[in-house]
Amino acid sequence: MSSLTKGSRFIDSLVLNTIQREAVEYDDGPQLVFAGAGTGKTRVLTAKIAYLIKEKQFFPNHIFAATFTNKAAREMRERIENLVGISCKGLWIGTFHSLCARILRRESHLIGFKPAFSIYDDSDQRSLIKKVMKELQIDDRSMQPKKLLHTISKFKNACLTVNEIEQRADSYYQREIIKAYVLYQKMLKDADAMDFDDLITNTVFLFRKNPSALEAYRRQFGYVLVDEYQDTNTSQFELIKLLAYAHKRIFVVGDDDQSIYSWRGAQIENILSFDKIFSSAKVFKLEQNYRSPASVLNFANAIIKDNVNRADKQLWTAIKSEKEVLVTRFRDDRQEAEKIVESVIARKQRGVALGEMAILFRTNAQSRQFEESLRKKKVGYILVGGTSFYERKEVKDCIAYLRLLVNPKDSVSCERILNVPPRGIGNRSIEKLIELSKTNQVSLFDLIMKKNFESISGRAKTGLEEFNSMYALLIDLVKEGRSPEELLEEILALSGYIDMLENEDSEESKSRLENINELLNALSIWQEENSGRSLADFLEEVTLVSDIDKWDKEKDAINLMTLHAAKGLEFNTAFIVGVEDGLLPSRQNFGDDSKIEEERRLFYVGATRAMDHLECSYVDTRRRFGSILPMEPSRYLEAIPKELYRFKDNSFSYTATERFSFKTEERPKKRAFREPRPKREPVFSQEPQFDDFSQDTVQFRMGQMVSHAKYGTGKVLSISGFGPDMQLTILFNDGARKKMMAKFAKLQVL
DNA sequence: TTGTTTATTCTTTTT
DNA sequence: GAATAAACAA
């Protein structure tokens, strides 16, 4: 029973409009909710779950809810807990990938995997496919590794087994691909590893092969909910069907106009024909937008109206505003960045917090110009995406070392670090070792640990023995129950990784050391927040957590991200930059109508992020691939009626700095006299970034009391370096002595 | 075997 | 114009 007083019902405590409320209360079979941008999709979904728990007596752990990002999952869990007033720890809410990983870890024995299987990310996959191609002697000129992986991914997303595909091969080329697919899967299995797609497909295969396991999960998950349903792929839909087709307690929310992931296998048909599979499905349409003023919404509606393949609907808003959407033309990408940063500063002065603004672009490469301008003008910013922290070489090396302790069969990780730092084990020796491991039917790592490398000669042999004794020691430390952080510290010391970087003593090696420090910090924080969880859990999180998951609005930093990353977010002001043909839509999609429609949706997604003001811009020339290319405004822009926006032509205005930079641009580049490019500051992309503040660093002195988010208060013992390189040694009140980079430590001066 | 220089491809978008 | 691979020197 609800804890509310008699007469007032739980549903009344939820703030919902008529249709939202109907969707929440409906209890008669499958539901499909079309939730246009800004119509309260998250509100309905959280309300529905809360309602199930509060009014329909569902236990939280009987609900399976798939979201698109871990961040969305976390936020929804919190909102639900607030609504129902109890802890919802048991609730199965997360991305398809993390939910499936959870199931697979429990049931791995059913499909011949260890519970601690590795999860391979992009670069691991690339290494593995290269091994496959080498073994099959496929020339990587005739077939690019990336393309091959993409094809394999397509097979998996369509939930096709190797056997099913083998029958379809009708050319030499296709048979080669299938051979590669087969070997790739075998090597994954041998390495006790799965790639991202496997997490979903293996769960499906597991359920198909084990009816009793399926039955158990089907009974547990009395209700299945899916967010961002327009972006599910076939294997995800298969999974949903397996879980919910029998009992029909399924609730999906999405917006076909925001389907932007077909390149990842998403089937827009899943949402457009949901009611064909779940035939009694009731459809709800949320069309009132609570986010944007009419000017923005009319502009957005005009973008999307040209799409053919969409469900019929019309968004409307009651929010009024005199402000118009602004479309600006600039001379080049540099001017675009500078002028937009100027508008950002102007808006800030008019009271809009930086954190409430976002610059959205099609490709990650576009962020650079904006970063430079923002730094120059000392505006704080957060860059979401791009090369993420966990993709950095040194960080991946550390992860590989750790992975090998959890999963000794992980051959990709083993090969990665076998000779890093250099131990005299070169290509030739590695090839010999792989040969040996194949004939002896043991993993590379086991081979080395059992010292089965007699046939290897001199220098390499010494290296292998070194490696062997290092891991022997590490394995003992694991048995002693050392913490992940301690293990990594030992690895870095024993392997000589730290020494290698310290001896190098270059800007680059310094930044690598910083990143490693950052990883150690992250690991120790994680340890504290997740006591009782294992190293394997940390490693899983590291691969499954994306950049956007860690992102949080920060009051004093503007947000930079791709249009894809912006899905589901909202900002007072959005700048969509580079609205040009060849970029948005991408040149590569010219000639493919469905892709052109998809990118139109991407533009639409961007436009509907704005809660108050929207600006779009395009340039005449843009630097790409190191050369200057002429650009044309996007076909999408040209299709929008002129009365829906105000146009501003900035392409002829010059400023002093621009004229200067124009000159440097024209200066002939003589190799001999060109100054070396200054190295970019190594930065953790999630942190707000500022220009070199060496001029105004006055806040630390010896003996100064400071406070740190994790370690509490402490005293500055010594200071070395200055500006962005400043390092502080701090004695904390709990007795811990830590050396940290001033700019990363986020210390508060007391 | 290792570190450096040179050639080449590449940019969509990401769990 | 950067990241990677191949080619080459030590």
Side-chain angles (χ1 to χ4, degrees), chain A residues 66-73 94-101 119-123 125-126 130 140-141 144-146 150 153 156-157 194-200 228 231-233 235-236 259-266 360-368 384-388 390-391 393 419-430 457-460 462-463 500 504 540-549 561-567 578 582-590 592 595 598-599 601-603 605-606 622-629 669 674 677 679-680:
Chain A
T67 59
F68 201 69
T69 62
N70 292 296
K71 180 182 158 66
T95 61
F96 273 103
H97 292 88
S98 56
L99 291 170
C100 285
I119 299 173
Y120 279 179
D121 69 9
D122 263 8
S123 71
Q125 287 185 57
R126 206 152 15 95
K130 280 186 188 158
D140 57 358
R141 253 174 268 268
Q144 295 167 327
K146 229 175 121 187
H150 184 73
S153 171
K156 290 185 181 177
N157 286 330
M194 299 189 195
D195 64 19
F196 284 133
D197 301 320
D198 282 336
L199 293 175
I200 319 288
E228 304 283 7
D231 283 323
T232 52
N233 62 34
S235 60
Q236 289 164 341
S259 164
I260 52 176
Y261 281 92
S262 76
W263 48 275
R264 222 167 76 184
L360 309 175
F361 34 76
R362 176 69 235 270
T363 64
N364 280 309
Q366 287 167 261
S367 73
R368 215 229 196 81
V384 182
T387 320
S388 98
Y390 289 106
E391 285 164 25
K393 275 183 225 76
N419 201 32
V420 180
R423 297 187 181 89
I425 311 168
N427 282 338
R428 187 75 201 95
S429 310
I430 290 182
S457 59
R459 200 144 47 127
T462 327
M500 171 180 76
E504 205 181 305
E540 173 177 321
E541 232 175 88
V542 160
T543 28
L544 254 34
V545 162
S546 69
D547 224 32
I548 192 83
D549 291 330
M561 64 185 84
T562 63
L563 289 161
H564 280 90
K567 190 173 74 160
L583 205 53
L584 182 68
S586 165
R587 177 167 302 278
Q588 290 167 62
N589 289 338
F590 285 2
D592 182 336
K595 292 265 174 70
E598 174 153 316
E599 293 210 57
R601 295 194 287 267
L602 192 56
F603 188 23
V605 166
R622 175 177 296 280
R623 250 205 137 81
R624 284 184 92 191
F625 310 105
S627 55
I628 294 169
L629 298 173
K669 285 174 192 162
R674 196 160 59 170
R677 246 172 51 76
K679 273 271 180 323
R680 259 189 299 160

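Labels below follow one simple rule: chain letters A, B, ... track the order of the sequence lines, proteins then strands, and each chain is numbered from 1. Remember, it's a predicted structure, so these values are computed and weren't measured experimentally.
When each of A:Ala365 and A:Leu544 is assigned the nucleotide of DNA chain B bearing its nearest heavy atom, the one mapping closer to the 5' terminus is A:Ala365. Of the two residues contacting DNA chain B, namely A:Ala460 and A:Asn70, the nearest-nucleotide position lying further toward the 5' end is that of A:Ala460.
Distance from the side chain of A:Arg623 is smallest to C:dG1 among B:dT15, C:dT4, C:dG1. Listed nucleotides: B:dT15, C:dA5, B:dT14. Nearest to the side chain of A:Thr95: B:dT15.
Side-chain atoms of A:Leu583 and A:Thr363, non-hydrogen and from C-beta on, do get closer than 4.5 Å to each other. Using a 4.5 Å heavy-atom threshold, the side chains of A:Thr95 and A:Leu544 count as separate.
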Between the protein and nucleotides 2-7 of chain B, which nitrogen or oxygen pairs are less than 3.5 angstrom apart?
{"residue": "B:dT2", "atom": "OP1", "partner": "A:Gly424", "partner atom": "N", "Å": "2.7"}
{"residue": "B:dT2", "atom": "OP2", "partner": "A:Asn419", "partner atom": "ND2", "Å": "3.0"}

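Using a 4.0 Å cut-off between charged nitrogen and carboxylate oxygen, A:Lys595 and A:Glu598 do not count as a salt-bridge pair. Salt-bridge check for A:Lys156 with A:Asp195: passed, with a basic side-chain N closer than 4.0 Å to an acidic carboxylate O.
The side chain of A:Ser586 contributes no N or O atom lying less than 4.0 Å from OP1 or OP2 of B:dT11. Phosphate contact (OP1/OP2 of B:dT11, side-chain N/O of A:Lys146, threshold under 4.0 Å): present. When the side-chain nitrogen and oxygen atoms of A:Asn364 are compared with OP1 and OP2 of B:dT14, one or more of them lie within a distance under 4.0 Å. For A:Gln144 and B:dC10, the shortest distance from a side-chain N or O to OP1 or OP2 is below 4.0 Å. For A:Arg368 and C:dA2, the shortest distance from a side-chain N or O to OP1 or OP2 is below 4.0 Å. The side chain of A:Ser429 contributes an N or O atom lying less than 4.0 Å from OP1 or OP2 of B:dT1.
A:Ser153 and A:Asp197 form a side-chain donor-acceptor contact under 3.5 Å, judged by distance and modelled atom types alone. Under the 3.5 Å distance criterion, with hydrogens and angles disregarded, a donor-acceptor pair is assigned to the side chains of A:Ser123 and A:Asp121. Between the side chains of A:Asn364 and A:Ser367, no donor-acceptor pair is found at a separation under 3.5 Å.
Residue side chain A:Phe625 fails the stacking definition with respect to B:dT11, as its ring centre and the base's six-membered ring centre are not both under 5.5 angstrom apart and under 30 degrees in plane angle.
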Open item on the list: For Watson-Crick and G-U wobble pairs within 3.5 Å on both distances, what is DNA chain C written in dot-bracket notation, | included for inter-strand pairing?
Closed with: ||||||||||
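Taking the P atom of each, B:dT13 and C:dT4 are spaced 15 Å apart, rounded to whole Å.
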